[in-house]
Structure formats: C-alpha cells, structure tokens
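Just below is one structure, and these are the notes that go with it.
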There are 2 protein chains.
Amino acid sequence: MNNQDTQTRTDRLAEAIADAIMAGGFQPGAKLDEQMLAERYGVSRTPVREALRQVAATGLIALRPRRSAIVATVTPAELETLFGAMAELEATCARMCAISMTPMERRRLEALHGAMQAMVAAGDAEAYTDANQTFHSQIYAGTHNAVIAEMTANMRRRLSPFRRAQFRAPGRLSLSHAEHGAVLQAILAARAAEAHATMLHHVSLVEDAYEQLVEQASARLA
Amino acid sequence: MNNQDTQTRTDRLAEAIADAIMAGGFQPGAKLDEQMLAERYGVSRTPVREALRQVAATGLIALRPRRSAIVATVTPAELETLFGAMAELEATCARMCAISMTPMERRRLEALHGAMQAMVAAGDAEAYTDANQTFHSQIYAGTHNAVIAEMTANMRRRLSPFRRAQFRAPGRLSLSHAEHGAVLQAILAARAAEAHATMLHHVSLVEDAYEQLVEQASARLA
DNA sequence: TAAGGAGAAATTGCATGCAGAAATGTTGTG
DNA sequence: CACAACATTTCTGCATGCAATTTCTCCTTA
C-alpha cells in the first residue's frame with residue numbers, strides 16, 4: 001500500500017474488500033464477519049465497519065441491521081434490472097461519445113478495436129477480456145463527463161461478479177467483436193442514435209451470455 | 001423516528017444529515033464537525049463517523065483524511081458536469097417511460113400535468129415545486145427499472161442544494177410547465193427519441209436558471 | 001502592520017470494552 | 001425421529017479513551 005499518507009486505513013480497507021469481492025475471493029451471499037475481516041487485514045473492527053458502510057454504498061455488499069454484512073446476492077429478476085441499467089448507462093456513454101469524442105479519441109478507439117481482431121483470431125480470451133475492459137473505459141472517458149463515466153464504471157464493477165466468465169461461452173469472442181464494430185462505426189460516424197442502439201444491444205447480449213452459463217451450470221448439477 | 005427496530009442509529013443519522021444538507025441547514029463548504037454532530041443528535045462519534053461515510057458515498061459531502069468532512073462544494077465546471085449527468089439520466093428515464101409506462105401510469109402523469117396548469121396560473125411556486133418533484137418521481141417509476149430510478153433520484157438529491165430557488169426566476173414556472181408538456185406528449189405517444197430529447201432540453205434549462213440566479217446574486221453583491 | 005513560528009487546544013483515526021441481539025448448541029417432549 | 005424451549009456462545013451497535021495530526025492562538029521579529 002503506497003499511499004499511507006493520503007488515505008486512511010478505512011479507505012484502503014474499502015478498496016481491499018471491494019477488490020477481494022470482485023476477484024471472487026468472497027462468493028455472493030458469503031458472510032463478511034467484522035472480526036474475521038479485522039484479523040485478516042490486521043486492524044480493529046472500527047475501520048472495518050466504516051469500510052463496510054462505504055462498500056455497501058456501491059451495492060457490492062448488503063448491510064443487514066444486527067446481522068453480518070453479506071456479499072450482495074441478487075435474484076434473477078434483480079440481475080436483469082441491473083443489466084438493464086448497465087445497458088442504458090453504457091448506451092448513453094456511446095451516444096455521448098458519438099457527439100463529443102475528439103478525433104484522437106476516435107482514432108485510439110479504432111486502433112484498439114483493430115488490435116482486438118487478432119485476439120479473436122487467436123482465441124485468446126484472457127487478452128480479449130483485458131482489452132474489452134479498455135474498450136469500455138475509453139468509451140466512458142469519451143463522454144467528457146466525469147460523473148456519467150464514474151457512474152457507469154461503478155455499475156460495471158458492481159456486476160463484475162456476474163460477468164466473470166462471459167467469454168467462456170463458445171462463439172462469444174467473435175460475436176462481441178462484431179458488436180464492438182457496429183458501435184465503433186456509429187461513434188466514428190457521429191451517429192448518436194445508432195451508437196446508443198448498438199451499445200444497448202451489445203450489453204444486453206452480455207446478460208444473455210451470463211444466463212446461458214447459469215443454465216448450463218444448473219444442467220450439470222441436475 | 002418510527003423505525004427504531006429495523007434501522008440502526010447510523011442509518012437514521014445518515015438520513016438526518018442528508019436531509020439537513022438538502023434543506024439548506026448546512027451550506028456547501030460548511031464543516032461537519034464530528035463532535036458537533038454527535039452532540040446535536042445525542043449520540044457518540046462512532047455512529048456519526050459511519051453515517052458520514054455513507055452520506056459521502058452519495059456525493060453530498062466530501063471526506064478529507066484527517067480533516068473535517070465538509071458539505072460538498074463544486075466549482076462551476078463540476079456543477080455543469082453534474083447537471084449534464086442529471087440531464088442524461090432524466091432523459092434516459094423519459095425514453096424508457098415512452099416505451100414502458102403502463103396506460104395507467106400515462107394517465108396519472110397526464111392528470112398531474114393538468115393539475116400543475118392551475119398552479120402556474122396562480123403563480124404558486126411552492127405548490128409547483130412539490131408537484132414538480134412528483135412529476136419527476138413518476139417518470140423515475142415509469143422506467144420500471146428500480147436501479148436506474150434510484151440512481152436518477154439520487155442525482156437529483158445530490159444537486160438539490162443548487163436547485164433550491166430555481167422557480168424564483170421570473171417566467172420560469174410557465175416555461176417549466178411548457179417543457180413538461182413537450183415531454184409528456186412524447187411519452188404518451190411512445191416516441192422514445194423525442195421523449196429523450198425534450199427531457200434533455202428541460203433539465204438543461206434548470207441549469208441555466210441556476211446560473212442566472214448566481215449571476216444576479218453576484219451582481220447584487222458588486 | 002504583516003509574516004513566521006512555537007506552543008496549546010481541538011479534532012480526527014483507531015483500539016477497546018460492554019450491553020444487547022442473533023446464532024448456535026443442548027436438552028426435554030411428543 | 002422431529003421439534004420446541006431454553007441456555008450458551010458469538011457477533012453487532014455503540015460509547016469511550018488515547019495517540020497523532022491539524023488548527024488555533026499568541027508572541028516574536030522584520
């Protein structure tokens with residue numbers, strides 16, 4: 001931890017807990033025992049409690065009065081609502097990009113998309129996952145509105161526990177890339193409504209991919 | 001406080017502090033001394049600190065390590081970004097309403113708009129302010145997406161310290177009502193793109209109104 | 001008078017302790 | 001064997017205390 005001067009223990013704890021959840025270290029529904037966390041990170045319960053409040057505000061965990069905090073669990077219906085919200089936010093970002101991106105930002109996005117073609121061809125899901133994150137981050141930045149960008153990035157983080165394996169589904173890599181291509185063309189051509197529509201469709205597909213995975217997992221258990 | 005069983009002191013404190021800020025009890029930039037808050041609400045500093053973390057997550061206050069928390073101050077540039085984000089969110093809600101509102105929800109919105117006509121005619125800014133809040137709340141609900149609805153409502157709360165006097169500006173009441181009419185017609189006719197555009201324009205006008213007020217206030221000081 | 005600095009006071013960050021609620025284990029009863 | 005009632009343990013919610021840092025005050029000096 002390199003920023004001991006500018007951050008409190010609570011701040012660093014909040015980051016650490018959120019990272020651990022997003023990395024899958026705690027499963028949805030897992031109890032987040034205050035004492036356990038305090039021991040694990042070598043602090044007292046006080047900063048742990050403050051950090052939990054902070055993480056809870058992002059929606060990653062749920063605080064239940066007089067009960068342990070738990071990693072947020074969502075019903076299929078809630079998940080659909082969350083993915084719907086994320087799709088709307090990302091679509092809004094794409095629309096704003098079509099209007100507001102600088103020529104240089106447009107070229108960078110185009111170059112990234114080109115580089116991702118090779119990853120699809122090589123079937124390199126890991127590299128593609130990283131590049132995909134960058135692709136979307138560039139679109140957040142391209143809005144030139146830090147508030148919208150942060151809200152959307154936060155929504156993406158909040159859904160990360162449910163998106164982890166999205167590129168494992170067969171054929172998803174090239175489908176995702178084709179979708180990106182449609183979004184990219186709309187942004188480059190400054191067609192705002194089309195950028196919105198294509199991105200909405202693209203993110204909705206991510207939800208479908210997740211549901212397919214869940215169904216397959218359920219089928220294997222049965 | 002009627003829900004002592006289901007909420008902790010911290011939860012109630014967070015609400016009370018946020019309400020006090022939105023009601024103007026603390027000016028932007030005002031220091032939120034922990035001990036002062038603890039005495040004011042008759043609790044110890046521990047729940048106060050936890051509540052401050054929670055309120056800070058909404059953006060209403062800023063936490064500065066080893067310094068007092070303060071009511072969030074925003075530069076004119078940040079305020080423009082915030083209003084821009086709110087406009088995009090509200091426009092998204094309006095677009096979703098055009099697609100998703102039930103016939104009953106549409107009728108309710110239309111009835112409310114009709115009732116607001118009388119308030120404009122009577123020049124009753126107070127009643128109009130309340131009804132305006134309801135109008136927008138109905139649009140959040142009409143999205144049928146609780147996540148988007150909550151995000152947008154939260155953004156509105158966050159900007160409330162800067163919207164307080166918006167209907168004091170001359171002619172604003174009838175202008176706002178006319179704008180509402182345009183949004184309403186688009187929603188009723190299920191014209192999604194038009195609902196988006198008209199709402200975007202409407203909320204942008206609120207920002208203009210605020211800026212006018214600030215300029216007038218500055219002029220009076222000079 | 002303004003600027004600077006040393007010391008005092010106030011304030012935050014965090015650990016600890018305790019009361020009460022929730023979770024868990026145990027025993028008795030149908 | 002299931003299950004209900006009770007006892008025990010564990011955990012949360014909050015108050016309090018202390019060290020470290022910031023802020024305030026007042027004095028010195030140019």
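Residue numbering restarts at 1 for every chain, and letters A, B, ... go by the order of the sequence lines.
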Atom CD of A:Q7 and atom P of C:dG13: how far apart are they, to the nearest Å? 12 Å
Does the side chain of B:T58 reach to within under 4.5 Å of the side chain of B:R158, using non-hydrogen atoms? no
Could you tell me whether the side chains of B:Q54 and A:R53 share a donor-acceptor contact shorter than 3.5 Å? yes
Relative to the ring of B:H202, is the ring of B:H180 parallel (under 30°), tilted (30 to 60°) or perpendicular (over 60°)? perpendicular
Quick one: do A:R9 and A:E50 make a salt bridge, cutoff under 4.0 Å? no
Show each protein N/O and nucleotides 7-11 of chain C N/O combination with a separation under 3.5 Å, one pair to a line.
none

Here the residues of residues 42-49 of chain A within 4.0 Å heavy-atom distance, strictly under, of DNA chain C are A:V43, A:S44, A:R45, A:T46, A:P47
Just wondering, do A:F26 and A:I70 contact through their side chains at under 4.5 Å, heavy atoms? no
Rounded to whole angstroms, how far apart are CG on A:L32 and P on D:dC11? 13 Å
With a cut-off of less than 4.0 Å, is there a side-chain N or O of B:T10 near OP1 or OP2 of D:dC14? yes
Rounded to whole angstroms, how far apart are NZ on A:K31 and P on D:dT12? 9 Å
Taking the six-membered ring for Trp, is the centroid-to-centroid distance between A:H201 and A:H196 below 6.0 Å? no
Side chains of A:I148 and A:M96, heavy atoms from C-beta outward: is any pair under 4.5 Å? yes
A:R156 bridged to A:E90 by N-O distance under 4.0 Å: yes
B:L63 CG - C:dC14 P separation (whole Å): 11 Å
Could you tell me how far apart B:R64 (CZ) and D:dT23 (C1') are, to the nearest whole angstrom? 11 Å
A:E105 side chain to A:T102 main-chain N or O, any donor-acceptor pair under 3.5 Å? yes
To the nearest Å, give me how far apart OH (A:Y41) and P (C:dA15) are. 15 Å
Is B:R9 near enough to D:dC14 that one of its side-chain N or O atoms lies under 4.0 angstrom from OP1 or OP2? yes
Over how many whole Å does the gap from A:E50 atom CD to C:dA15 atom P extend? 10 Å
What integer distance in Å separates B:L13:CG from D:dC14:C1'? 11 Å
